[in-house]
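Every heavy atom of this structure was used, including side-chain atoms; hydrogens, water molecules and symmetry mates were not. Position 1 is the first residue of the sequence; numbering continues from there.
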Amino acid sequence: MVNNRVETTAVAVTGGSGGAVRSCAGCGGGISDRFLLFSMDRYWHTRCLKCSCCQAQLGEIGSTCFSKGGMILCRNDYIRLFGHSGACNACGQSIPASEMVMRAQGNVYHLKCFTCATCRNRLVPGDRFHYVNGTIFCEHDRPGGALLSSHLTPLQSNTLLPDQKVC
């Protein structure tokens with residue numbers, strides 16, 4: 001797998017009284033329920049298969065779980081943390097779960113890849129930037145910015161333009 005993402009579906013399995021008691025991967029306790037969950041090659045109590053971030057129970061039959069960096073995640077938290085693909089929007093390379101990232105408009109970037117398309121300067125938290133048609137520009141290199149900024153007074157230049165964001 002390119003991005004080390006595991007997407008799986010929780011499946012109910014009949015436990016039955018004749019089989020061996022299985023241990024829950026979540027709490028370690030024995031599962032004596034009639035039905036048990038099998039997800040990510042392990043068995044779970046329904047109440048124990050939870051998202052590592054929001055603690056939402058993922059044990060409903062047919063629900064999707066994601067696993068990356070030792071975490072079990074619901075779909076929303078996986079996308080929030082790693083973006084839709086788990087890869088950097090600029091270079092396309094995988095982003096390790098432990099790595100800090102920058103985000104813009106739902107896209108995720110390596111810190112080193114979050115740069116201005118014109119001057120290639122790296123943007124850091126707190127920097128103002130423009131996100132125009134999926135491209136990042138620093139505050140000084142906004143397309144058409146020279147004409148626009150020449151008409152701003154110093155007080156107005158501290159306000160955010162519609163396409164301007166703050167890291």
Check your understanding: For the atom pair CZ (Arg47) and SG (Cys27), what is the distance rounded to the nearest 0.5 Å?
Key -> 6.0 Å
Review point. Heavy atoms, side chains only, cut-off 4.5 Å: are Ile136 and Cys116 in contact?
Key: no
**Study point:** Side-chain donor or acceptor of Asp127 paired with backbone N/O of Val124 under 3.5 Å
**Key:** yes
Check your understanding: Does His130 use its side chain to pair, donor to acceptor, with the backbone of His140 at less than 3.5 Å?
Key -> no
Practice item. Given side chain to side chain contact (heavy atoms under 4.5 Å, CB included), test Ile95 with Val101 step by step and report yes or no. Key: CA-CA 8 Å; Ile95 300 175; Val101 297; 3.5 Å; yes
Study note, to complete from the structure: Shortest non-hydrogen pair, Cys65 vs Leu49, comes out as SG-CD2, 3.9 Å
Revision key, fill the gap. To the nearest 0.5 Å, atom CG of Leu111 lies from atom CE of Met102 at 7.0 Å
Exercise for review: Go through the steps to decide whether Tyr43 and Ser23 satisfy the test side chain to side chain contact (heavy atoms under 4.5 Å, CB included), and finish with yes or no.
Suggested key: CA-CA 7 Å; Tyr43 292 94; Ser23 294; over 6 Å; no
Review point. Going by heavy atoms in the side chains, are Leu73 and Cys53 under 4.5 Å from each other?
Key: yes
Practice item. Can you spot which of Tyr131, Tyr109, Phe137 makes a ring pair (Phe, Tyr, Trp, His ring centres under 6.0 Å) with Phe114? Key: Tyr109
Review point. Distance from Gln93 atom CD to Cys88 atom SG, nearest 0.5 Å?
Key: 8.5 Å
Exercise for review: Could you tell me whether the side chain of Trp44 and the main chain of Gly26 form a donor-acceptor pair under 3.5 Å?
Suggested key: no
Exercise for review: Begin from the C-alpha positions of Ile72 and Leu58 and carry the test side chain to side chain contact (heavy atoms under 4.5 Å, CB included) through to its verdict.
Suggested key: CA-CA 9 Å; Ile72 299 168; Leu58 303 173; 3.8 Å; yes
Review point. Side chain of His45, backbone of Ala25: donor and acceptor closer than 3.5 Å?
Key: no
Practice item. Give, for atom CD of Glu139 and atom CG of Asn121, the distance between the pair rounded to the nearest 0.5 Å. Key: 13.0 Å
Exercise for review: Just do the side chain to side chain contact (heavy atoms under 4.5 Å, CB included) check on Cys74 and Cys54 with the steps written out, would you?
Suggested key: CA-CA 8 Å; Cys74 65; Cys54 70; 3.9 Å; yes
Revision key, fill the gap. In this structure, CZ of Arg42 is separated from SG of Cys24 (nearest 0.5 Å) by 9.5 Å
Check your understanding: Once you round to the nearest 0.5 Å, how far does OG1 of Thr115 lie from CZ of Arg122?
Key -> 10.0 Å
